[in-house]
2 protein chains.
Amino acid sequence: MGATKSDHFTQKQNDIAAIAKALAHPARVAILEYLLKVDACICGDIVNELPLAQPTVSQHLKELKTAGIISGNIEGNAICYCIDEKVWEKNRKIFETLFERINKKKTNCC
Amino acid sequence: MGATKSDHFTQKQNDIAAIAKALAHPARVAILEYLLKVDACICGDIVNELPLAQPTVSQHLKELKTAGIISGNIEGNAICYCIDEKVWEKNRKIFETLFERINKKKTNCC
DNA sequence: AATGTTTATCGTAATATTGCAATATTGAAA
DNA sequence: TTTCAATATTGCAATATTACGATAAACATT
């Protein structure tokens, strides 16, 4: 097998898993941290910033784009990537909600 | 290849990626949501709760355990799993910090 | 001790991910 | 238009993940 049985889970559960999956590689975390840092959407500098070949970076960017986390704008022959603030905020809330649920827990066995 | 080049990234980036990876499957999200819900650490009920075979659930539990998110306690011949509140809180902060960094961003190109 | 219950592990098949060289594409500059 | 620079895509190899049947291990019950 190897294929995730996403049909059997709720939309919410699949959504959370999808966002987490986008963050589940240090290169993609590094890309996002870089985009957060530069306070502007510098483009192919990302390739220079990362210890990975250009096609690999391009692939990671594609995954982040597919997840909706970043978007790319053509600027001349370069492409300017940046974080989609709306999606970022939405995802922030999703994780906040998940992590806050622990408060409702009262008893414990371990 | 297929092996992540974790050596080239910071500890923090690898940490974030590792936590995200643990959450990057709907079954594991479902397990955590169940553990959050039951307000006590019921054990093999998880298998009944999920649409997956027992060995598969056991494997997912192992991954969550390896990530430090849950811990298991032997109770007779059953095992009682629950969320490690300390780790949960630590992870909550890590994600909160990551997602909050967006505020420092001022300009935007897309 | 024999049996049943619960969970883990092993083995294996199917699929997904990661990484990069080679190449294509697109727009800028000469 | 030829050339250069920046990105994307393709193709492929290596590795990881997901899933489950079969089986083992640990303990409780009979």
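By convention in this document, chain letters (A, B, ...) are assigned in the order of the sequence lines, proteins followed by strands, and residues within each chain are numbered from 1.
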Under 4.0 Å from OP1 or OP2 of D:dT7: is there any side-chain N or O of A:Lys62 that close? no
According to a strict under-4.0 Å criterion, is A:His60 in side-chain N/O contact with OP1 or OP2 of C:dT17? no
Choose from D:dG21, C:dA8, C:dG19 the nucleotide whose nearest atom is closest to any side-chain atom of B:Ala53. D:dG21
Starting at atom CG of B:Asn14, determine the distance to atom P of C:dT18, rounded to an integer number of angstrom. 13 Å
Want to settle it: does B:Leu61 or A:Arg28 sit nearer the 5' end of DNA chain C, counting the closest nucleotide to each? B:Leu61
Would you kindly give the NE2-to-P distance between A:His25 and D:dT17, to the nearest whole Å? 11 Å
Identify whether the distance between the nearest side-chain nitrogen and carboxylate oxygen of B:Lys93 and B:Glu96 falls below 4.0 Å. no
Answer yes or no: is there a donor N or O on one side and an acceptor on the other, between the side chain of B:Arg28 and the main chain of B:Lys21, under 3.5 Å? yes
Side chain proximity check, A:Leu98 to B:Glu33, heavy atoms < 4.5 angstrom: yes
Looking at every strand, decide which applies to A:Ile74 at a 4.0 Å heavy-atom threshold: base, sugar-phosphate, or nothing. nothing
Geometric class of the B:His25/A:Phe9 ring pair [parallel <30°, tilted 30-60°, perpendicular >60°]: perpendicular
Taking 4.0 Å as the cut-off, does a side-chain nitrogen or oxygen of A:Tyr81 come that near to OP1 or OP2 on D:dA6? no
Whole-Å distance between D:dA8 P and A:Glu63 CD? 13 Å
For a quick check of understanding: with a heavy-atom distance under 4.0 Å over all strands, which category does B:Thr4 fall into, base, sugar-phosphate or nothing? sugar-phosphate
Calculate the interatomic distance between A:Ile31 atom CD1 and C:dG19 atom P; express it in whole Å. 10 Å
Without decimals, in angstroms, what is the distance between A:Ile79 CD1 and C:dT26 P? 11 Å
Closer than 4.0 Å, any side-chain N/O of A:Thr56 to the OP1 or OP2 of C:dT18? no
Is it true that a side-chain atom of A:Trp88 and a backbone atom of A:Ile69 form a donor plus acceptor pair closer than 3.5 Å? no
Whole-Å distance separating the CG atom of B:Leu50 from the C1' atom of C:dT7: 15 Å
Under 4.0 Å between a side-chain N/O of B:Lys21 and OP1 or OP2 of D:dA16, yes or no? no
Is a donor-acceptor pair below 3.5 Å formed from side chain A:Gln54 to base D:dA8, judging by atom type as modelled? yes
With the threshold set at 4.0 Å, does a side-chain nitrogen-carboxylate oxygen contact exist between A:Glu89 and A:Arg92? yes
Expressed in angstrom and rounded to an integer, what is the separation of A:Asn73 atom CG from D:dA6 atom C1'? 15 Å
Look at the side chain of B:Gln59 and decide which nucleotide, out of C:dG19, D:dT7, D:dC20, has an atom nearest to it. D:dC20
Heavy-atom donor-acceptor pair, A:Asn77 side-chain to C:dT26 base, under 3.5 Å: no
Minimum-distance nucleotide (side-chain atoms of B:Ala78 versus C:dT7, D:dC20, C:dG19): C:dT7
Side chain of B:Pro55 only, heavy atoms from C-beta on: which candidate in C:dA21, D:dT7, D:dC20 is closest? D:dC20
Touch check for B:Glu75, heavy atoms < 4.0 angstrom, all strands: base, sugar-phosphate only, or nothing? nothing
